[in-house]
Amino acid sequence: MQDRIRIRSLSEHVGAEVVLCGWVRQRRSSGAKLHFLQVSDGTAGVQVVVKKGNVPDEQLEAARYVPFESTVVVRGTVKEDARQVGGVEVSATEFEVMSAAAEDFPIGRKEHGVGFLMDNRHLWLRSSRPRAAMRIRAEVIRACRDYLDEGGFTCVDAPIFNSSAAEGTATLFPVGYFDQTIYLSQTGQLHMEAAAQALGDVYCFGPTFRAEKSKTRRHLTEFWMLEPEMAFADLDEDMDVMEGMIGRVVERVLERCGPELDVLERDRAILERCLPPYPRISYTEALERLEGTDASIPWGEDFGAPQEDAVSAMFEKPVLVHRFPTAIKAFYMKPDPEQPEVVLGCDMIAPEGYGEIIGGGERSADLAYLERKIEEEGLPKEPYEWYLDLRRYGANPTAGFGMGLERVVAWMGDLGHVREAAPFARTMARTSP
RNA sequence: UGGCGUGUGGCCGACUUGGUAAGGCGCCCGGCUGUUAACCGGGAACAUGCAGGUUCGAAUCCUGCCGCGCCAGCCA
């Protein structure tokens, strides 16, 4: 539509006559001669007033009976009105129904259950809560990319189709690829190590897939991961980047997503406490702090959700836990030269039970060590040959990490479940809409 | 995969000790020229996941199956 304006910018047109398009989200009448329509075009919503005398009678009737979610074209005058959320309303002079919606739009103004809402995700997306979550998601992505791009990183894409796995094949989704079986990517890390040797500081951002039969509020089978990788970086630098990037995310969301946080009724004070610096404690220290609590575990055992929650509850901000036992971590992690029983890895745990939002660390540059680990863990050697080439031709220290986008978004908006942080979440039980 | 929980109209949700399915939203009609999860009056339609069992009688108790949810493991 030629001269149509976005509802978001209506306040710049007070007193002017404008044309707008949108969906009728709500309708109220005061007699047969005055109708109030809440119209949204996605950018924002506004109250349109259709009054007898201002529009032809047949348009007045159309406004009286227009079903929810119908698309309409409105010409009218923008008026200041302190009673309205955006501060303005539109007094219609022309009202046209572009497409009348069926009268049984399933999403009502009253409460619904999770199952029903997820079944109707394509329509639920129009509601204020999902819209706020999607805007926050977009801002989190923007903040991360800005942080890395400004820091001199190069965005490099990782493949989705792969014949090898970074961490075994148990949690991979097999797909038919011509006459063979390959797998959907569960990480871009190995490829980013190759890219880092070409470009220094790199990152990839894309979907990853895990066939984990997890049905918790922190798991999706398809999720987006941001994975920076830095040549010649060590664990401390790696943690600096984790902290800097998440710090930037928190700052940006607070700065630019105020209205969205309000829609979600997110307590801002909690986020304001989450600006850097973040505490950094070793796995061993964490266990010492857990001693005597319900979450206490023997040294050597991996952190579970109860340990993560207990550790994060000790601080009011994200916590970096580093130097986990070598035995429980992936083969490519570099052992600490000063205490080889632990690796130079690090996880960032988000507050409020949102769990591990980042996992990463230094990669081993030692060819012989990696060959031994691959054998010890019973991994097939052949698929890793190309990866081992990276150690044969100019081995270098490398460090990086992976950030789970949906977990960060769920935490920012206190969404309760990662499925609300994705537009169309894929879980064990749901692959549609 | 395991543990726990749950399944009532299009949606939400009662039915407590087993006794013959509330109420609300939505929908339709009407009223109101300033409403905003509008309000007021009237109306129609629509339901106990599936299969067994106990009982005079089951939405309610028992068993199995299926779906969903939460938690755990695994991870981001």
Side-chain angles (χ1 to χ4, degrees), chain A residues 25-39 45-54 60 64-65 67-68 79 81-86 89 91 102-120 123-124 127-128 166-168 170-171 186-189 205 207-227 242 246 301-309 328-330 347-350 353-360 401-411 416-419 421-422 427-430:
Chain A
R25 292 276 141 84
Q26 207 171 141
R27 188 189 70 221
R28 296 172 293 273
S29 295
S30 182
K33 301 170 183 172
L34 177 62
H35 310 293
F36 302 97
L37 306 177
Q38 211 65 43
V39 177
V46 71
Q47 172 162 281
V48 172
V49 183
V50 185
K51 196 185 284 192
K52 185 174 172 67
N54 291 354
L60 185 77
R64 181 181 186 180
Y65 294 108
F68 297 127
K79 293 182 174 172
D81 189 322
R83 291 167 294 190
Q84 304 306 321
V85 175
E89 66 175 20
S91 184
E103 273 159 10
D104 55 354
F105 186 71
I107 311 294
R109 281 131 290 273
K110 292 276 179 164
E111 281 162 35
H112 297 288
V114 209
F116 178 78
L117 289 172
M118 288 308 291
D119 286 344
N120 290 284
L123 303 175
W124 182 29
S127 301
S128 59
E167 294 161 39
T171 58
Q186 61 175 187
T187 173
Q189 181 207 314
F205 177 55
T208 48
F209 309 87
R210 302 219 178 147
E212 293 160 356
K213 295 190 174 179
S214 312
K215 296 178 292 184
T216 77
R217 78 180 101 143
R218 296 188 297 271
H219 290 269
L220 296 173
T221 51
E222 175 182 317
F223 66 97
W224 283 62
M225 190 151 64
L226 186 87
E227 297 179 274
M242 293 180 193
I246 296 298
E301 223 169 82
D302 204 359
F303 260 43
Q307 286 70 41
E308 288 177 3
D309 292 348
I328 57 173
K329 287 292 174 183
D347 289 349
M348 185 185 290
I349 302 167
Y354 285 96
E356 187 184 332
I357 50 173
I358 283 179
F401 62 89
M403 181 201 83
L405 175 68
E406 286 80 3
R407 286 191 184 171
V408 172
V409 174
W411 164 46
H417 196 301
V418 287
R419 68 179 158 228
T427 61
M428 245 179 91
R430 224 172 271 281

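Letters A, B, ... mirror the listed sequences (proteins, then strands); counts begin at 1.
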Tell me which residues in residues 47-54 of chain A put a heavy atom below 4.0 Å from RNA chain B, sorted by number, or none. A/Gln47, A/Lys51
Mind checking the P distance from B/G24 to B/G42? Whole angstroms is fine. 11 Å
Do you know which two heavy atoms are closest between A/Arg419 and A/Val114, and how far apart they sit? NH2-CG1, 3.1 Å
Could you write out each protein N or O paired with an N or O of nucleotides 4-11 of chain B at a distance under 3.5 Å?
unit_1	atom_1	unit_2	atom_2	d
B/C11	O2'	A/His112	ND1	2.3

Readout for nucleotides 42-50 of chain B: B = base within 4.0 Å of protein heavy atom, S = sugar-phosphate only, - = neither; 5' to 3' it is ---------
With no hydrogens and no angle check, is any side-chain donor or acceptor of A/Glu227 less than 3.5 Å from a backbone partner on A/Gly188? yes
Between B/U60 and B/U16 - P atom distance, rounded Å: 12 Å
Taking atom C1' in both B/G9 and B/C25, what distance in whole Å separates the two? 12 Å
Atom pair distance, as rounded to whole Å: CZ in A/Arg109 and C1' in B/C12: 14 Å
Residue that, paired with A/Leu220, satisfies side chain to side chain contact (heavy atoms under 4.5 Å, CB included) out of A/Met428, A/Glu406, A/Arg430: A/Glu406
Treating a pair as Watson-Crick (purine N1 to pyrimidine N3 plus N6-O4 or O6-N4) or G-U wobble (N1-O2 and O6-N3) with both distances under 3.5 Å, list the stems of 3 or more consecutive pairs that involve RNA chain B. B:1-7 with B:66-72, B:10-12 with B:23-25, B:27-31 with B:39-43, B:49-53 with B:61-65
Write down the distance between CG (A/Asp81) and C1' (B/G34), rounded to a whole number of angstrom. 9 Å
Counting only side-chain N and O atoms of A/Arg27, is one of them less than 4.0 Å from OP1 or OP2 of B/G26? no
Taking all heavy atoms of A/Ser29 and all of A/His35, pick out the closest pair and write down the distance. OG-ND1, 2.7 Å
Side chain to side chain contact (heavy atoms under 4.5 Å, CB included) with A/Glu111: which residues, sequence neighbours excluded? none
For A/Ala211, is there any backbone N or O sitting under 3.5 Å from a side-chain donor or acceptor partner on A/Thr221? no
Examine distances only and state if a side-chain atom of A/Arg27 and a backbone atom of A/Arg64 form a donor-acceptor pair shorter than 3.5 Å. yes
Just jot down the side chain to side chain donor-acceptor pair (under 3.5 Å) partners of A/Arg109, sequence neighbours excluded, or say none. none
On a whole-Å scale, what distance lies between the C1' atoms belonging to B/C50 and B/G67? 10 Å
Looking at A/Asp81 and A/Lys79, is any side-chain nitrogen of the basic one under 4.0 Å from a carboxylate oxygen of the acidic one? no
Just to be sure I understand the rule, does A/Met225 reach a base, reach only the sugar-phosphate, or reach nothing, if contact means heavy atoms closer than 4.0 Å? sugar-phosphate
Identify, between A/Arg419 and A/Gln38, the residue whose nearest nucleotide on RNA chain B lies closer to the 5' end. A/Gln38
Closest non-hydrogen atom pair between A/Leu123 and A/Pro106, with its separation: CD1-CG, 3.5 Å
By side chain to side chain contact (heavy atoms under 4.5 Å, CB included), which residues pair with A/Arg217, not counting sequence neighbours? A/His417
Classify the nucleic acid contact of A/Glu89 as base, sugar-phosphate or nothing, counting any heavy atom under 4.0 Å across all strands shown. base
Can a donor-acceptor pair be found, under 3.5 Å and without considering hydrogens, that links the side chain of A/Tyr354 to the backbone of A/Ile349? no
Is a donor-acceptor pair below 3.5 Å formed from side chain A/Gln84 to base B/U35, judging by atom type as modelled? yes
For A/Phe303, which residues count as a ring pair (Phe, Tyr, Trp, His ring centres under 6.0 Å) partner, sequence neighbours excluded? A/Tyr283, A/Phe324
Interatomic spacing from CZ in A/Arg407 to CD1 in A/Ile358 - rounded to 0.5 Å: 11.5 Å
By nearest-heavy-atom nucleotide on RNA chain B, the more 5' of A/Ala429 and A/Met348 is A/Ala429
NA contact type, A/Gly359, heavy-atom cut-off 4.0 Å: base, sugar-phosphate, or nothing? sugar-phosphate
When rounded to whole Å, the CG to P distance for the pair A/Asp119 and B/G67 reads 14 Å
Shortest side-chain distance from A/Phe36, nucleotide among B/C75, B/G26, B/U35: B/U35
For a quick test of reading the model, state the closest non-hydrogen atom pair linking A/Ile107 to A/Ser127 and the distance between them. CG2-OG, 3.8 Å
Would you classify A/Ile107 as touching base, sugar-phosphate or nothing, given that sugar-phosphate means primed atoms plus P, OP1 and OP2, and contacts are heavy atoms under 4.0 Å? nothing
Say we look at B/G2 and B/G57: how far apart would their C1' atoms be, to the nearest angstrom? 38 Å
Looking at every strand, decide which applies to A/Gly402 at a 4.0 Å heavy-atom threshold: base, sugar-phosphate, or nothing. sugar-phosphate
Mind checking side chain to side chain contact (heavy atoms under 4.5 Å, CB included) for A/Glu212 and listing every partner two or more places apart, or none if nothing turns up? A/Thr171, A/Arg210, A/Ser214, A/His219
Between B/A45 and B/U55, how far apart are the C1' atoms? Round to whole Å, please. 34 Å
Side chain to side chain donor-acceptor pair (under 3.5 Å) partners of A/Glu308, counting only residues at least two apart: none
In whole angstroms, the gap separating P of B/C25 from CG of A/Leu117 amounts to 19 Å
Determine the Euclidean distance between corresponding P atoms of B/G3 and B/C65; express it in Å to zero decimal places. 11 Å
Applying side-chain contact (heavy atoms from CB on, under 4.5 Å) to A/Ile357 and A/Trp411, what does each step give before you reach the verdict? CA-CA 9 Å; A/Ile357 50 173; A/Trp411 164 46; 4.0 Å; yes
A/Met403 and A/Ile246: which non-hydrogen atoms are nearest, and at how many Å? SD-CD1, 3.8 Å
Of all heavy-atom pairs linking A/Phe36 and A/Ser30, the shortest is CE1-CB, 4.2 Å
What contact category does A/Glu308 fall into here, base, sugar-phosphate, or nothing, at under 4.0 angstrom with non-hydrogen atoms? base
Which is true for A/Phe68 with a 4.0 Å heavy-atom rule: it touches a base, it touches only sugar-phosphate, or it touches nothing? sugar-phosphate
Distance check, C1' atoms only: B/G10 and B/G30, in whole angstrom units. 25 Å
Protein-nucleotides 71-74 of chain B N/O pairs closer than 3.5 Å?
unit_1	atom_1	unit_2	atom_2	d
B/C71	OP1	A/Arg217	NE	2.5
B/C71	OP1	A/Arg217	NH2	2.6
B/C71	OP2	A/Arg217	N	3.3
B/G73	O6	A/Ser214	OG	3.2
B/G73	N1	A/Lys213	O	3.1
B/C74	O2	A/Ser214	OG	2.9
B/C74	N3	A/His219	NE2	3.1
B/C74	N4	A/His219	NE2	2.9

Quick one: which protein N/O atoms are closer than 3.5 Å to N/O atoms of nucleotides 30-32 of chain B? Pair and distance per line, please.
unit_1	atom_1	unit_2	atom_2	d
B/G30	OP2	A/Tyr65	OH	3.4
B/G31	OP2	A/Arg64	NH2	3.3
B/C32	N1	A/Gly31	N	3.4
B/C32	N3	A/Gly31	N	3.0
B/C32	N4	A/Gly31	N	3.4

